[in-house]
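Have a look at the structure below, then the notes.
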Amino acid sequence: MAKVTLIPGDGIGPEVAEATRRAVDAVDAGIEWDVHEAGAPAIESYGTPLPDHVLESIKTNKVALKGPVTTPVGTGFRSINVALRQELDLYASVRPCRLYAGVPSRFEALDIVVVRENTEDLYEGIEFERGSKELAKLRGYLNYVHGFPIAKDAGVSVKPISITATRDIVCFAFDYAKEHRRRKVTLGHKANIMRFSDGLWLETAEKLAEDYRDVGFEAIQVDELAMWLAWHPQELDVIVLSNLYGDIISDLCAGLVGGLGVAPGMNLGHEYAVFEPTHGSAPDIAGQQMANPIAMILSAVLMLRHLGQPADADRLERAVAGVLAEGKHRTADLRPAGPPAKTDEVTDAIVAQLDAG
Ligand code: ATP
């Protein structure tokens, strides 16, 4: 029996987490849930959005299933998602974007996986505020040593890209492609403009690609990648991107396959794995039974595969696919023909498919 840390989160989190727990329990996958609060409910109970015991639980269980959590703005708490990534060294974010029959989309068959580097790049948080003393020093230094002018009214964010982090994520993408029998890995970059960051990213990846000759490899500029995704997304298979491009392109891909309500995700490190839907806490629809639970249920499918329970994962995925194909129970985000189904009704339909099959 596998023990998994379950973090319901806040906003629509508790609703979709409860739905997911019901669906996984209906598979009889032998999961023991170790439930912990994080986000808004944890602030009420413990005075912090990410109490130490939550991290301890993930470190013990190695695997977590997490709903969305909001970091309250202006309270001085650091982002919970960033904290989890850093504390657990979750360097790879993986977003499989598969189009299920019955989901409204402009395309017919899509199966793309976006692999995103999670630790550095413009999101590393190395920032200089406009008008600050620190930025004045940096401006002076850059101007004196290199003759680089930075406008007086500019703010600055720094983009570090290292060989080490690039190697980790590119190897991860190739290994993932091999393990999942995918055709090719496409690497996005902007090496022509940012020669020393994206240039290093590209050069490192091209060298590594020589060790993975059994998987196809191509490198294209990220703007061209965006064009292909809008035009012929079927051409793409596994896409590997640095942090910022990966954030944008993975939401784009989620949009191609039906939107945030059906987009699962996982954050993986060498030791720990956190499975979570791509969407945030969606406060606009929270507590109203309007949320689509499928993104989190599909995240649990990924979790079951990671736990080495492929048969259970396949069963749960088939039940979700069955409900989507049938089209009778759809939440509002999937544009149903009639009145939208409630979160619990979609879950009931998935559980009924599992009980029947
Ligand atoms: P965050 O900043 O935490 O990402 P956000 O509100 O900016 O939060 P999301 O929560 O990801 O962004 O969602 C954007 C919108 O998409 C929501 O306001 C909601 O209307 C819709 N949405 C997101 N997730 C779902 C879902 N599971 N089911 C239905 N609609 C959803």
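Scope of the values below: all heavy atoms of this structure, side chains included, with no hydrogens, waters or symmetry mates. One-based numbering, in listed order, for ligands and for the atoms of each.
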Hey, can you tell me if His53 and His36 have their rings parallel, tilted or perpendicular (30° and 60° cut-offs)?
tilted

Among non-hydrogen protein atoms, atom 28 (N) of ligand 1 lies closest to Asn292 N, 2.8 Å

Any idea which of Pro283, Gly13, Gly280, Pro340 brings a heavy atom closest to atom 6 (O) of ligand 1?
Pro283

Any heavy atom of Ser281 sitting closer than 4.0 Å to ligand 1?
yes

Test item: side-chain donor near acceptor, Glu276 and Ser299, under 3.5 Å
no

If we only count heavy atoms from C-beta on, is the Pro340 to Thr331 side-chain gap below 4.5 Å?
no

Closer than 4.0 Å: a protein non-hydrogen atom to atom 23 (C) of ligand 1
yes

Tell me the contacting part of Ile285 for ligand 1: side chain, backbone, both, or neither, using a 4.0 Å heavy-atom threshold, strictly below.
side chain

Nearest protein heavy atom with distance in Å, relative to atom 17 (C) of ligand 1:
Asp284 OD1, 3.5 Å

Can Tyr91 and His270 be said to form a ring-ring contact (aromatic ring centres under 6.0 Å, His included), step by step?
CA-CA 8 Å; Tyr91 69 94; His270 295 291; 4.7 Å; yes

Counting from 1, what ligand 1 atoms have a heavy atom of His279 closer than 4.0 Å?
11 (O), 23 (C), 24 (N), 27 (N)

At under 4.0 Å between heavy atoms, which part of Leu260 makes contact with ligand 1: side chain, backbone, both or neither?
side chain

Ala282 heavy atoms, cut-off 4.0 Å: which ligand 1 atoms fall inside?
10 (O), 17 (C), 19 (C), 23 (C)

Taking Phe128's backbone N and O only, do any of them form a donor-acceptor pair with Ser132's side chain (distance below 3.5 Å, no angle check)?
no

Using a plain distance cutoff, I'd like to know if Thr278 has any nitrogen or oxygen under 3.5 Å from a nitrogen or oxygen of ligand 1.
no

Arg305/Asp312 salt bridge by N-O under 4.0 Å criterion
no

Measuring only between side-chain heavy atoms, which start at C-beta, is Thr204 closer than 4.5 Å to Val170?
no

At under 4.0 Å between heavy atoms, is it the side chain or the backbone of Ile12 that contacts ligand 1, or both, or neither?
side chain

Between Lys207 and Glu203, does at least one N-O distance fall below 4.0 Å, as a salt bridge requires?
yes

Using a strict 4.0 Å cut-off to heavy atoms of Ala291, name the atoms of ligand 1 that fall inside it.
28 (N)

